[in-house]
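Below is one structure, written out as structure tokens, with a few remarks after it.
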2 protein chains.
Amino acid sequence: MPETAAESRREELLRIAAGLFAEKGFKNTTVRDIADAAGILSGSLYHHFDSKESMVDEILVRFQTELFGRYDEILASDLDARTKIEQAVRLSFETIDRRGPEVAIFQNDAGYLGNFDRFAYLADRNAQSRQVWMTLLTEGIEAGVVRKDLDIQLVYRFIRDTVWVAVRWYRPGGDLTPDHVADQYLAILLEGITHG
Amino acid sequence: MPETAAESRREELLRIAAGLFAEKGFKNTTVRDIADAAGILSGSLYHHFDSKESMVDEILVRFQTELFGRYDEILASDLDARTKIEQAVRLSFETIDRRGPEVAIFQNDAGYLGNFDRFAYLADRNAQSRQVWMTLLTEGIEAGVVRKDLDIQLVYRFIRDTVWVAVRWYRPGGDLTPDHVADQYLAILLEGITHG
DNA sequence: CTGGTAACCAAACAAGTGCTTGGTAGGCTA
DNA sequence: TAGCCTACCAAGCACTTGTTTGGTTACCAG
């Protein structure tokens with residue numbers, strides 16, 4: 001049942017939990033659901049983890065560390081403004097393809113989890129994401145490739161919503177590749193927010 | 001506490017429940033939450049409603065009847081293809097403005113509720129929404145206003161995601177009007193999916 | 001053979017869940 | 001005055017929830 005031979009039992013449990021959290025939501029997934037899917041009793045989960053919260057915490061922290069590392073690479077690169085926006089969009093759809101459960105958890109449960117002190121970093125990451133995109137769009141305007149007659153705050157929200165909510169319908173291994181989806185969205189977006 | 005003087009107690013309870021369902025999700029809202037917000041005990045809710053499910057059922061059926069009635073008006077009108085698409089987009093943002101809780105419930109809980117036979121109509125309404133948009137986009141292509149080099153299925157998903165997920169951040173009575181938001185999105189969308 | 005460790009079981013706990021039951025208070029109508 | 005109706009309370013029930021505790025099994029290094 002391990003995805004890879006070297007995967008420890010703990011990693012396997014985290015992967016199982018992530019799948020269930022993504023599918024049914026964090027609050028609606030019981031520790032008995034997770035244990036059943038792993039073929040053990042619910043109490044046995046507490047040999048590996050402190051609590052249900054600890055599981056989703058570990059899942060989200062790892063994921064966001066990776067994701068924002070990639071954002072930073074794009075920001076720090078010497079690509080032109082238009083290509084940076086393109087890369088950021090492609091990164092989103094690739095992430096949905098490879099880390100679907102984590103994206104879904106962040107999309108669906110960040111609001112609920114954000115109520116707890118322990119998950120305060122979720123709001124920080126949200127602000128960071130906004131900062132990344134505002135930088136990209138501003139650079140685009142300064143470079144003269146992005147229209148300046150648009151409300152840039154709204155443009156950010158539209159892009160963020162479209163690229164991340166795709167996790168609701170995108171299925172890895174299906175007919176659509178992340179590249180094809182990104183191509184199509186960029187065809188609409190770039191013709192829309194750039195002139196010429 | 002009634003929104004209008006003529007509002008019956010029953011209507012008031014439904015409105016309170018809708019607000020809580022939208023904010024915390026259907027499953028995460030307890031009958032005690034609803035009763036507390038209404039200033040009564042949880043058991044007293046069962047004088048007005050059969051079950052918690054009945055409440056969300058009534059909320060969703062009413063909402064969808066109204067919404068799809070409006071879609072049908074647009075489809076049946078003699079407006080040109082481009083204007084019909086424009087109206088459909090405006091309808092979404094206006095609906096988020098006036099019926100925010102209902103939109104949020106449909107967006108967040110349709111997946112979970114759809115597991116029960118009682119809510120099978122949710123999937124039907126989803127298919128109906130898809131049909132409406134595919135008709136609008138196809139008419140647009142036939143009229144020569146919409147580009148035909150795009151994957152029309154993906155275009156539909158992008159539009160649907162963006163216009164409805166806006167319920168997550170749009171706040172009625174704030175700085176943004178539904179018309180302004182619609183203007184901005186249409187500025188991006190139409191320049192992107194139409195030629196000329 | 002010994003000791004230690006990782007993984008798990010079996011059973012229970014307190015808190016919270018949707019819902020039921022029998023009753024009560026106040027107003028309207030005949 | 002009597003009967004009925006709407007709206008609610010008070011108390012509880014059966015079930016589910018996350019978590020705890022003490023014990024068991026298989027394996028591996030010395």
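Throughout, a chain's letter reflects where its sequence line sits, starting with A, and its residues are numbered from 1.
Among the nucleotides dC19(C), dA10(D), dA7(C), the one closest to any side-chain atom of R9(A) is dA7(C). Among the nucleotides dC9(C), dT20(D), dG18(C), the one closest to the side chain of L41(A) is dC9(C). Nearest to the side chain of I40(A), among dT17(D), dC9(C), dT17(C), sits dC9(C).
Nearest heavy atom pair, residue S51(B) against residue R118(B), reads OG-NH1, 4.0 Å. Closest approach of F119(B) and L113(B) over heavy atoms only: CB-O, 3.4 Å. Scanning both residues, V167(A) and R171(A), for their nearest heavy atoms gives O-NH1, 3.6 Å.
Here dG16(C) presents its C1' atom at 15 Å from CD1 of I34(B), a figure rounded to the nearest Å. Atom CD of E12(A) is separated from atom C1' of dA6(C) by 14 Å (rounded to the nearest Å). Atom pair D33(A):CG and dT16(D):P shows a separation of 12 Å (rounding to whole Å applied). Between the CG atom of D57(B) and the P atom of dG18(C) there is a distance of 17 Å, rounded to whole Å. For F21(A) and dG18(D), the CZ to C1' distance is 12 Å, given to the nearest whole Å. The interatomic distance linking L45(B) (CG) with dC8(D) (P) rounds to 9 Å, in whole Å. Separating the NZ atom of K27(A) from the P atom of dT16(D) is a distance of 17 Å, rounded to the nearest angstrom.
With hydrogens and angles ignored, no donor-acceptor pair closer than 3.5 Å exists between the side chain of R32(B) and the base of dG16(C).
Taking the six-membered ring for Trp and thresholds of 30 and 60 degrees, F93(B) and F158(A) have ring planes inclined between 30 and 60 degrees apart.
Against DNA chain C, the stretch residues 47-55 of chain A makes heavy-atom approaches under 4.0 Å through H47(A), H48(A).
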For this session: Determine, stepwise, if the pair Q87(A) / R90(A) fulfils side chain to side chain donor-acceptor pair (under 3.5 Å).
Result: CA-CA 5 Å; Q87(A) 297 286 7; R90(A) 291 192 189 281; 5.4 Å; no
Donor-acceptor pairs are to be reported for all side-chain atoms of residues 59-69 of chain A against protein atoms at under 3.5 Å, with residues two or more places apart or in another chain.
residue: R62(A); atom: NH1; partner: E11(A); partner atom: OE1; Å: 2.8
residue: R62(A); atom: NH2; partner: E11(A); partner atom: OE2; Å: 3.0
residue: R62(A); atom: NH2; partner: E58(A); partner atom: OE2; Å: 2.7
residue: T65(A); atom: OG1; partner: V61(A); partner atom: O; Å: 2.7
residue: E66(A); atom: OE1; partner: R99(A); partner atom: NH1; Å: 2.2
residue: E66(A); atom: OE2; partner: R98(A); partner atom: NH2; Å: 3.2
residue: E66(A); atom: OE2; partner: R99(A); partner atom: NH1; Å: 3.4

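Within 4.0 Å of S44(B), counting heavy atoms only, lies at least one base atom of the nucleic acid.
Between Y46(B) and dT20(C) there is no side-chain polar atom (N or O) within less than 4.0 angstrom of OP1 or OP2.
Listed by first then second residue, pairs satisfying side-chain hydrogen bond (donor to acceptor under 3.5 Å, both in side chains) with a partner in residues 104-114 of chain B read R168(A)-Q107(B), not counting sequence neighbours.
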